[in-house]
K.L.:
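One structure follows; several queries about it will come next.
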Amino acid sequence: MVARNNHASPSPSTHSHSSKPYNAPPLSAPINRPISWLKFSHTRPSSRASLYDQSPARALSRLSEPSWHQDGDEASDDEDHDRYDHRTVRKTPSPLPGAAPSRTRPVSSIFHSPPASALPTVSFSSRRASSIYLHSPVPTPKPTLMFAIASDDVDEVKRVLDSGEAGPNEQVGPQSALAFVLTNERLKNKIGIVKELLKHGADPGALRSVESNPPEVGGGEEEEEEVVMLSPPRETTLEGMDPATRYYISMADNTDTRRASALIHRSFFRPLARVRYDIIGQDRALEQLFRVLSMNSQSFSVAPLVVLLCGPSGHGKSLLARKFGSLLEVPTHTVNMTTLRSTHDIWQSHSMNPYEEPSSSTLAEFLIDNERKRCVVVLDVLLILQEIDKTEDEKFLLSLLMPWELGRCSPEAGRRHIDVRKVIWIGTSNIGHDLVFAHEAERAAPYSKLSRDEYVELMKQLRPVVSDRLGPSLISRVTTVLPFVPFTEDEKMAIAAEALFTLGKDIIQSLTPETVEGLIRRALEDYLSDEGARCLYRSVSTLLLDLPM
């Protein structure tokens, strides 16, 4: 009896009447993986080069924005955005006579979608997808991120990214997630979703890659051999974005931004890099803050970290202070300093912060519950210039001397000391308001972005002013005093645009881009520097109410 060899290749005559195809794989052979999204290019199938950009992709990060920096990178950020390569290619590659047929297949032939009734409404360019050719297989990501984005729910996108179910740089169909959002005209929360992707590490450089941002091929029914121009979709270029989206994309792609984030990339404070997508402007203040945090990350055993944010109202001081603890995911207690009149009040005050869970604990109880633990205490509006004469007992701040210097405090006489060395103290104040605006007026180019040297000089001028108000004994215990500076013209445009899209989601969808831009510029006409972002939000709200129904 002859042993049967299931792996032997049968002759054609053996299976001439068999239902199995010739050379069918044996039953014991491993099952092939299902076809998935493949790496593709817009050149001929033999070409794997990107037409837009040849730079390497940025590493994926899910904790905060990518913060790597290459020392040899000398290209400016404006040059980076001009690196689109509008080359000409044949719209449909033609095989050579007698050549074997290509194994590549268009994306539309292998992407099997669920029934239309099960899918959210998604705006997608079929013309862009149909011109894509495939090469080598890669693992198929679950469409979790696509569904989260298509739901138009910022919280759902955040949940998916936080859980690790999907990464911010994963492909959504033939596009990167960032390009998919920018080209989807149905999204009402587009700015919020873009910010969430950037917070979690989405790479703006993918918009310069033809593999992650497929171009729209111009022309109509051209012949097969006609040469056409490849250009990135206008919505994914800086010129085609609204001022707020343009600001966040440009900032995320900025070399200084990545360098500043690198300072805390490997420390406990790494999640704070996300705060730059909640606060427009104040790049130099955040850079200096990250420098201080990187140097003090291992120094809490000596003295607590005390940061004082000073400058005009409406420029992000309180927002940064209140976001600090939530980003670090540590307990936070916020004290409203404007209501205090005595030393006793500060330790018996209850927390007031929209980003915290409601709590009935006083500051003293909070410090006892979190003794020797990392936590944040925010002293909001530490001192207001207009109310300094109304304070009945200005010496109540002196009760902070021992906690800030020795890391110990005793809220009540005769009680044991509480170890507060790991507490991060953050104070906000409008001290230095006049100095900040005077410094801005004296600059060669007022209301433009400050250089590093200009900001350091302003810091030097501000600290003596704060010392005169708070007293040298207290200010000597402060780790750093950070001035918040006036907004530039682009930053004001970004704030007005974000306010417009946030407050008027349904209304904006029906307006033309020209009308939207006109509303943004009209909002800037009534801008008051003393009020900052609050003034712009009020102006935008008024303009939306005046629009015809």
Side-chain angles (χ1 to χ4, degrees), residues 285 288-289 292 295-296 299-300 302-313 315 317-318 320-321 324 333-349 362-364 366-367 376-413 417-439 455-485:
Q288 185 63 25
L289 175 63
V292 172
M295 291 186 296
N296 286 268
S299 303
F300 284 97
V302 178
L305 179 65
V306 183
V307 178
L308 185 57
L309 312 177
C310 296
S313 177
H315 285 72
K317 301 185 303 297
S318 295
L320 172 59
F324 211 94
H333 190 97
T334 302
V335 180
N336 183 0
M337 300 295 290
T338 60
T339 63
L340 306 185
R341 291 295 180 270
S342 69
T343 301
H344 180 74
D345 288 347
I346 189 172
W347 303 110
Q348 299 303 317
S349 61
T362 64
L363 177 57
F366 172 83
L367 294 176
V376 175
V377 173
V378 177
L379 306 177
D380 201 14
V381 195
L382 186 62
L383 194 62
I384 301 180
L385 295 180
Q386 291 82 352
E387 296 187 1
I388 189 170
D389 296 331
K390 299 179 183 180
T391 303
E392 298 177 2
D393 185 5
E394 298 172 15
K395 296 181 179 180
F396 71 92
L397 291 177
L398 295 180
S399 63
L400 299 172
L401 289 179
M402 189 167 67
W404 287 5
E405 181 178 13
L406 303 177
R408 295 185 179 277
C409 69
S410 180
E412 297 181 15
H417 288 180
I418 306 172
D419 188 344
V420 295
R421 286 175 293 178
K422 288 192 174 182
V423 176
I424 303 171
W425 302 80
I426 304 177
T428 67
S429 173
N430 69 346
I431 297 176
H433 172 280
D434 296 334
L435 172 64
V436 168
F437 283 112
H439 177 271
Y455 188 78
V456 171
E457 178 61 30
L458 179 59
M459 289 176 59
K460 293 179 180 178
Q461 296 179 21
L462 179 61
R463 193 169 183 103
V465 175
V466 178
S467 179
D468 290 341
R469 293 290 182 177
L470 299 183
S473 59
L474 190 67
I475 197 64
S476 63
R477 273 83 171 176
V478 175
T479 309
T480 185
V481 178
L482 301 179
F484 274 46
V485 298

K.L.:
Write down the atom of Leu482, the atom of Ala285, and the distance for their closest heavy-atom approach.
P.N.:
CD1-O, 3.7 Å
K.L.:
To the nearest 0.5 Å, how far apart are CZ in Phe366 and OG in Ser349?
P.N.:
11.0 Å
K.L.:
Would you sort out whether Cys310 and Val481 count as a side chain to side chain contact (heavy atoms under 4.5 Å, CB included), showing the intermediate values?
P.N.:
CA-CA 7 Å; Cys310 296; Val481 178; 4.0 Å; yes
K.L.:
For the residue pair Asp380 / Thr334, report whether a side-chain donor-acceptor contact shorter than 3.5 Å exists.
P.N.:
no
K.L.:
Working note: Trp425 + Val307, criterion side chain to side chain contact (heavy atoms under 4.5 Å, CB included); need CA distance, chi angles, decisive distance, verdict.
P.N.:
CA-CA 6 Å; Trp425 302 80; Val307 178; over 6 Å; no
K.L.:
Does the side chain of Ser473 reach to within under 4.5 Å of the side chain of Leu401, using non-hydrogen atoms?
P.N.:
yes
K.L.:
When rounded to the nearest 0.5 angstrom, what is the spacing between CG in Leu363 and CH2 in Trp347?
P.N.:
5.5 Å
K.L.:
For the side chain of His333 and the backbone of Ala364, is there at least one donor-acceptor N/O pair under 3.5 Å apart?
P.N.:
no
K.L.:
Is any side-chain heavy atom of Met337 closer than 4.5 Å to one of Ile346?
P.N.:
yes
K.L.:
Is the ring pair Phe437/His315 parallel, tilted or perpendicular, if the boundaries are 30 and 60 degrees?
P.N.:
perpendicular
K.L.:
Any sub-3.5 Å donor-acceptor pair from Asp434's side-chain atoms to Val436's backbone N or O?
P.N.:
no
K.L.:
Is any side-chain heavy atom of Leu400 less than 4.5 Å from a side-chain heavy atom of Leu379?
P.N.:
yes
K.L.:
Quick check: does any side chain N or O of Thr362 sit under 3.5 Å from a backbone N or O of Gln348, one acting as donor and the other as acceptor?
P.N.:
no
K.L.:
Do the non-hydrogen side-chain atoms of Leu308 and Thr480 ever get within less than 4.5 Å of each other?
P.N.:
no
K.L.:
Considering non-hydrogen atoms only, spot the tightest contact between Met402 and Ser410 and give its length.
P.N.:
CE-N, 4.1 Å
K.L.:
Just by modelled atom types, is the Ile475 backbone N or O under 3.5 Å from a matching donor or acceptor in the Arg463 side chain?
P.N.:
yes
K.L.:
May I ask you to test the Phe484-Leu320 pair for a side-chain heavy-atom distance under 4.5 Å?
P.N.:
yes
K.L.:
Nearest 0.5 Å, what's the OG1-CG distance between Thr479 and Leu305?
P.N.:
4.5 Å
K.L.:
Where do Val378 and Val376 land on the side chain to side chain contact (heavy atoms under 4.5 Å, CB included) test, with the steps shown first?
P.N.:
CA-CA 6 Å; Val378 177; Val376 175; 3.9 Å; yes
K.L.:
Once you round to the nearest 0.5 Å, how far does CG of Leu474 lie from OG of Ser467?
P.N.:
9.0 Å
K.L.:
Are any of the side-chain heavy atoms of Ser313 and Asn430 separated by less than 4.5 Å?
P.N.:
no
K.L.:
Is it the case that the side chain of Lys422 and the backbone of Gly407 share a donor-acceptor pair, with hydrogens and angles ignored and the cut-off at 3.5 Å?
P.N.:
no
K.L.:
Indicate yes or no for a side-chain donor-acceptor contact from Arg469 to the backbone of Val465 under 3.5 Å, with no hydrogens or angles considered.
P.N.:
no
K.L.:
With the side chain counted from C-beta on, respond yes when Asp419 and Arg408 share a heavy-atom pair under 4.5 Å apart, and no when they do not.
P.N.:
yes
K.L.:
May I have the step-by-step check of side chain to side chain contact (heavy atoms under 4.5 Å, CB included) for Leu367 and Cys409, ending in yes or no?
P.N.:
CA-CA 9 Å; Leu367 294 176; Cys409 69; 3.9 Å; yes
K.L.:
Could you tell me the separation between the CG atom of Leu435 and the CG atom of Leu462, rounded to the nearest 0.5 Å?
P.N.:
6.0 Å
K.L.:
Work out which heavy atom in Pro483 is nearest to a heavy atom in Met459; give both atom names and the distance.
P.N.:
CD-CG, 3.6 Å
K.L.:
For Tyr455 and Gln288, indicate whether the former's side chain and the latter's backbone hold a donor-acceptor pair under 3.5 Å.
P.N.:
no
